Amino acid sequence: MLTYILITLAIVAVAMLLLCVKLLFRKNGEFASQHIHDSQALREKGIHCVIDQDREMRQQKPKVKEHQ
């Protein structure tokens, strides 16, 4: 049982080390942003985050009055 725990801890430690390689060895290293609005390629294709798309749709369409 103890060997499984030690093996698991070793695997987690190696995974954390590999995730941090860029941060540790590169000056001003940082993880790239995962937000859609930060991606130049997606912006060129006209793809926005859902919040921006919702805002655009609300501005384009006039409100429809409901009949009572």
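On a predicted model such as this, the values are computed, not experimentally measured, just so you know. Each residue takes its place number in the sequence, starting with 1.
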task = Step through the shown structure and confirm whether more than 12 heavy atoms of other residues, nucleotides or ligands are within 6.0 Å of CD1 on Ile51.
result =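 At most 12 heavy atoms, drawn from other residues, nucleotides or ligands, come within 6.0 Å of this atom.
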inquiry  = Restricting to side chain to side chain donor-acceptor pair (under 3.5 Å), what partner residues turn up for Gln40, sequence neighbours left out?
reply    =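 With sequence neighbours excluded, Gln40 shows a side chain to side chain donor-acceptor pair (under 3.5 Å) to Arg43, Glu44, given in chain and number order.
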task = Only one of Leu18, Ile11, Val12, Leu17 passes side-chain contact (heavy atoms from CB on, under 4.5 Å) with Val14; say which it is.
result =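 The residue from Leu18, Ile11, Val12, Leu17 that satisfies side-chain contact (heavy atoms from CB on, under 4.5 Å) with Val14 turns out to be Leu18.
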query = What are the two closest heavy atoms between Ile36 and Ile47, and how far apart are they?
reply =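 The pair with the smallest heavy-atom distance is CG2-O, 4.1 Å.
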